[in-house]
Structure formats: structure tokens, C-alpha cells
Number of protein chains: 2
Amino acid sequence: MARRTRGTSAGLDRERIAAAAVALVDRDGLERFGVRRLAEELGVDPMSIYHHIRGKAALLDAVSEAVLAEVAADAGEASSGWEEVARRTAHGYRDMAYRHPKVFPLLTTRAQTSPVALAALERLFAAMRAAGLPDQVVADAPMVLFSFLNGHLLARTGGGPDGPGPMPPLDAGAHPTMAALAPLLADFGSAAEFDRMLDVVLQGIRDRAAREETP
Amino acid sequence: MARRTRGTSAGLDRERIAAAAVALVDRDGLERFGVRRLAEELGVDPMSIYHHIRGKAALLDAVSEAVLAEVAADAGEASSGWEEVARRTAHGYRDMAYRHPKVFPLLTTRAQTSPVALAALERLFAAMRAAGLPDQVVADAPMVLFSFLNGHLLARTGGGPDGPGPMPPLDAGAHPTMAALAPLLADFGSAAEFDRMLDVVLQGIRDRAAREETP
DNA sequence: CCTTTTAAATCTACGTCGTAGGTTTCGCTC
DNA sequence: GAGCGAAACCTACGACGTAGATTTAAAAGG
């Protein structure tokens with residue numbers, strides 16, 4: 001708890017702060033996150049942080065940018081078809097979400113205009129266009145894909161402070177179809193479920209493309 | 001500003017509180033929402049609210065339940081095919097999201113286990129099963145649909161305090177494909193865009209069903 | 001080597017928040 | 001009309017985000 005005297009450097013910079021913030025959100029969740037707690041974690045006065053980051057909102061921007069940067073690394077070779085690119089992007093994104101479930105909701109709420117996000121989008125658009133898909137399909141598909149990914153991962157990671165929570169026992173009388181399908185609904189959050197649902201979306205894109213090419 | 005004397009009824013109950021809370025979030029956004037502000041809106045002491053609702057979290061639960069209830073009304077006749085049911089459900093859900101853009105993020109974060117949410121899900125499951133879709137497809141499809149809806153509507157309504165924000169001017173040099181498609185990306189948030197993307201998802205479900213029926 | 005500048009970090013303080021605990025008052029039943 | 005339960009209020013506490021002023025070590029200039 002040895003407090004530094006004024007003026008001595010604490011070695012703070014945007015990067016170190018962002019890394020500590022990610023770790024703090026990972027541990028305690030978004031609700032408990034705050035400037036003061038982060039400062040204590042860094043062994044620093046709360047106001048010191050403001051010399052590197054404008055305020056809490058900018059702090060959360062830095063957090064989401066930091067976790068997004070993790071996903072950009074494994075882009076894979078460029079010589080793949082658009083489906084391979086889409087699948088790799090989706091898997092990388094999912095892995096990141098599971099690595100930082102408490103951070104993930106931030107990404108779905110804030111508009112993603114950081115360079116890494118735009119680069120990933122551009123890769124997807126380019127791969128689809130190179131494959132000869134109709135322009136309207138190319139324009140729509142990545143948005144559909146990321147909408148699905150955000151919605152799905154938000155549900156699986158739970159968004160809230162304590163994960164998805166156990167499925168409550170459903171009333172078989174009131175919901176007979178759901179009750180009958182219960183065994184199939186049980187692999188909630190599994191890798192197999194993710195791939196199945198991702199395939200549905202990709203299938204829709206593929207089919208839509210085939211339909212618009214020959215009208 | 002006339003404060004009531006202690007003991008006299010203020011006519012508070014869960015329903016009235018929830019309605020005022022929805023109106024307050026609609027007006028000022030989630031960030032500015034709080035127990036004290038809500039109390040002032042109701043002309044009431046903050047602590048009075050706690051006699052009807054456990055705390056802020058329960059208050060937000062009531063808010064999301066209230067807006068979800070709006071969508072249950074227009075279910076439509078039961079004699080429709082599953083696609084019609086899915087489309088009507090999606091449109092009703094979207095209309096609700098646009099009616100309460102500041103509330104919507106709540107729905108994507110909290111697990112939806114309220115009776116109205118389960119009833120809507122059951123309708124979808126039942127319609128698909130009645131149409132003879134394979135069980136695995138029936139089990140997955142509503143989840144895929146709502147994942148897409150949540151992700152898409154979250155992006156369109158902006159989630160944050162001030163809407164989606166204008167698209168920043170993108171660097172045509174760094175992102176040539178996106179720049180080329182810019183005209184097609186311009187109808188962000190339009191009804192036509194929603195229907196196009198919804199069709200992609202439904203197409204995927206349809207195709208997946210056809211593929212699994214005849215293996 | 002001494003002075004001046006500059007930037008980093010700290011300290012103080014204000015208004016707001018969620019809510020625990022205690023108190024007051026109304027309307028009801030005996 | 002005495003007693004009681006419920007509804008509302010009052011007070012208070014700790015935590016929050018952050019504006020503004022202050023301190024101090026290190027860099028720059030002579």
C-alpha cells in the first residue's frame with residue numbers, strides 16, 4: 001500500500017491501463033468496474049488515470065478495443081474461399097467472447113469503427129466479392145453474420161454479472177413442444193451447437209447468392 | 001412538488017412503477033436512469049419504490065418485462081405456416097425495439113424466461129414442428145432467429161446513449177471493397193434492409209430443413 | 001551546474017447514486 | 001377508540017465519476 005510521492009512516474013500509459021482494465025472486468029464484471037477500483041488495482045490515485053484516458057466512457061472504449069485486437073491475429077492464408085474466411089472469423093470471434101465473457105457485451109453495444117474491426121470486415125467483404133457473389137448479398141452477408149454472432153454470444157456468455165444462469169424448469173403442460181425438444185436444447189453453449197447454427201446462417205447466404213445470380 | 005405526508009397512499013404499485021420507468025428510460029436513456037430520478041418522476045420518495053420492487057436490478061427486470069409484453073399482443077391466426085409465424089414474430093419484435101430503442105439492450109442481456117417470452121418461443125417451435133421440420137432444425141431455428149434479431153436490432157438502435165451515430169468516413173484506400181459497396185450499405189436501418197436480412201436467415205433454416213429431411 | 005519548464009501524479013472536494021435502518025402516519029378491524 | 005399492519009417518508013453511509021488546484025521529479029536551456 002506504499003503510496004508514491006507526487007511527481008514520480010508510475011509507468012502508466014494507455015496500453016497498461018487498458019490491460020489492467022480488461023483483467024479487472026474479466027475478474028469482477030462490468031457492474032463492479034470503475035475508475036477507483038481500477039486505480040487501486042494499479043496502485044495509483046484514481047485521478048492519475050485521467051491523464052491518459054479522458055473518462056470512464058473512453059476507458060470502456062479502450063477495453064473493447066483491446067479485446068478486439070486479440071481476434072485479429074489469426075487471419076489465416078488469403079487463398080481460401082469466402083466460407084472458410086467467414087468460418088475462421090466467426091471462430092476467432094467466438095473464442096475471444098468466451099475468453100472475456102464479461103467484456104463481450106461492450107462490443108455489441110458500441111459501434112465498432114476501430115481499425116482492426118474494419119480490417120476484419122474488409123477481409124470478409126473482399127473474399128465474398130472475389131467469389132463472385134452478387135453485390136447486394138455481399139453487402140448484407142457480413143452484417144447478418146455479425147448480428148447473429150453478437151446475439152448468439154451475448155446469450156451464451158450471459159451478458160449479465162453471473163453468466164447465463166441455469167435454465168429454469170419449464171412447464172411441460174404450457175409448453176409441450178419445448179418440453180418434447182428438451183433433449184435437443186440441452187447442448188446450450190457447446191461448440192457443436194455453435195457450428196450448427198453458424199452453418200444455418202452460412203447456408204442462407206449461399207442460397208441467397210445462388211438465387212440472385214440466376215433470377 | 002407538494003410532498004405527501006407520511007402514511008397517505010401514493011397509489012404506487014408494480015405496474016405503475018414499471019410504466020413510469022419505461023417512459024423514463026425512453027426519454028433519458030439507461031445511463032441516466034436511476035431510482036432517485038424515477039421517484040422524482042412519480043412525485044414520491046425514493047425509498048417508497050422499494051416497498052414494491054426489491055432494488056434497481058428488479059426494476060430493470062420489470063422494465064424489460066413491460067416492453068416484452070407489448071409484442072405478445074399481435075400473434076395472428078394460428079393457421080399460418082411457420083415462415084409466416086416467424087416473420088410476424090420478427091416484425092413485432094422489431095417494432096417494439098424501435099419503439100423503445102433505449103430499453104432494448106436490456107432484453108439482450110437478461111435471460112428471457114418470462115411467460116410472454118416463453119409463449120412466443122413455444123408458438124415458433126410448435127409451428128415449425130407442425131410443418132414437419134426435422135427436430136434438430138426445429139430446436140435450433142428459433143435460437144438462430146432471435147440471436148440474429150437481438151444482434152441486428154442492437155446495432156440499429158445503437159444500444160448506447162445516443163443512437164447508432166453517423167457512419168464515419170471510411171478510408172477508400174485501406175478498404176476498397178467496402179468503399180465500392182458503400183451505396184448498398186447506405187440503407188442502414190431501413191425496413192427493406194431488415195426484410196432482406198431476415199430472409200437470409202429464414203432461407204438458411206428452410207434449406208437446412210430440406211437437407212436433413214433427405215439425408 | 002544551476003535555473004526554468006513541463007508533465008505526471010496526487011489531494012481535495014462536490015454532487016449523485018443505491019440502499020440499510022428507523023420513524024411516522026393512515027385506514028382497517030375488533 | 002385501541003391496536004395493528006402496511007405504506008410512505010427521513011436520515012445516513014459508503015462508493016462513484018470527475019473538476020480544479022497542488023506538488024514534485026525529471027527534462028530542457030543557459
Side-chain angles (χ1 to χ4, degrees), chain A residues 1-22 24-25 27-64 102 105-106 109-110 160-162, chain B residues 1-22 24-25 27-64 102 105-106 109-110 160-162:
Chain A
M1 282 304 140
R3 289 256 147 235
R4 194 178 345 282
T5 65
R6 285 166 151 171
T8 69
S9 169
L12 285 186
D13 60 7
R14 197 186 149 88
E15 198 174 345
R16 222 170 77 80
I17 292 174
V22 169
L24 186 55
V25 176
R27 173 148 56 77
D28 294 350
L30 274 176
E31 324 251 296
R32 296 221 170 272
F33 176 79
V35 179
R36 294 171 118 107
R37 295 178 108 92
L38 176 60
E40 186 170 21
E41 206 72 14
L42 286 164
V44 137
D45 183 275
M47 294 313 289
S48 300
I49 293 176
Y50 280 75
H51 283 268
H52 302 270
I53 293 187
R54 240 167 242 288
K56 195 187 185 185
L59 203 45
L60 294 176
D61 284 341
V63 167
S64 53
K102 314 256 185 70
L106 276 185
T109 279
R110 300 169 172 259
D162 22 275
Chain B
M1 279 300 150
R3 289 259 148 231
R4 198 175 347 279
T5 64
R6 283 165 151 169
T8 69
S9 168
L12 284 186
D13 60 8
R14 199 186 147 88
E15 198 174 347
R16 223 169 78 81
I17 292 174
V22 170
L24 186 55
V25 176
R27 173 147 58 77
D28 294 350
L30 273 176
E31 324 251 294
R32 297 223 169 270
F33 176 78
V35 180
R36 293 172 119 106
R37 298 177 107 91
L38 176 60
E40 187 170 20
E41 206 71 13
L42 285 164
V44 138
D45 184 274
M47 294 314 288
S48 299
I49 292 176
Y50 280 75
H51 284 266
H52 302 270
I53 294 188
R54 241 169 240 287
K56 196 188 184 183
L59 204 46
L60 294 176
D61 284 341
V63 167
S64 54
K102 313 257 185 69
L106 277 185
T109 280
R110 295 163 178 262
D162 23 276

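No hydrogens, no waters, no symmetry mates; every other heavy atom, side chains included, goes into these values. Order of the sequence lines sets the chain letters (A, B, ...), proteins ahead of strands, with each chain counted from 1.
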Find the distance [X]:[atom1] to [N]:[atom2] and express it as a whole number of Å.
X       : N      : atom1 : atom2 : answer
B:Glu40 : D:dC9  : CD    : P     : 13 Å
A:Asp28 : D:dA15 : CG    : C1'   : 15 Å
A:Leu24 : D:dC16 : CG    : P     : 11 Å
A:Arg32 : C:dG18 : CZ    : P     : 15 Å
A:Leu30 : D:dG17 : CG    : P     : 12 Å
A:Lys56 : D:dA19 : NZ    : C1'   : 18 Å
A:Ile49 : D:dG17 : CD1   : P     : 10 Å
A:Arg16 : C:dA8  : CZ    : P     : 14 Å

Tell me which nucleotide among [options] gets nearest to the side chain of [X].
X       : options               : answer
B:Asp45 : C:dA9, C:dG18, D:dC10 : D:dC10
B:Tyr50 : C:dT19, C:dA9, D:dC9  : C:dT19
B:Met47 : C:dG18, D:dC10, C:dA8 : D:dC10
A:Arg37 : D:dT18, D:dA15, D:dC9 : D:dA15

query: Got a second to check how far B:Ile53's CD1 is from B:Leu59's CG, nearest 0.5 Å?
result: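 So the CD1 of B:Ile53 and the CG of B:Leu59 are separated by 5.0 Å.
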field: Heavy-atom side-chain proximity of B:Arg14 to B:Ile17 below 4.5 angstrom
entry: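 B:Arg14 vs B:Ile17: side chains apart.
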query: Are B:Arg37 and B:Leu24 side-chain neighbours, meaning at least one heavy-atom pair lies under 4.5 Å?
result: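 Yes, at least one pair of side-chain atoms sits under 4.5 Å.
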message: Check whether A:Arg16 reaches the backbone of A:Gly11 with its side chain - one donor and one acceptor, N or O, closer than 3.5 Å.
response: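 Present.
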message: Would you say A:His52 places a side-chain N or O within less than 4.0 Å of OP1 or OP2 belonging to C:dA9?
response: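 Answer is yes, contact under 4.0 Å.
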task: Ignoring backbone atoms, establish whether A:His51 has a side-chain N or O less than 4.0 Å from OP1 or OP2 of C:dT10.
output: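 Answer is no, no contact under 4.0 Å.
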message: Check this for me: does any side-chain nitrogen of one of A:Arg27 and A:Glu41 sit under 4.0 Å from a carboxylate oxygen of the other?
response: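 Yes.
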- request: Map A:Pro46 and B:Arg36 onto DNA chain C by nearest heavy atom, then report which one ends up closer to the 5' terminus.
  value: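 In this pair, the answer is A:Pro46.
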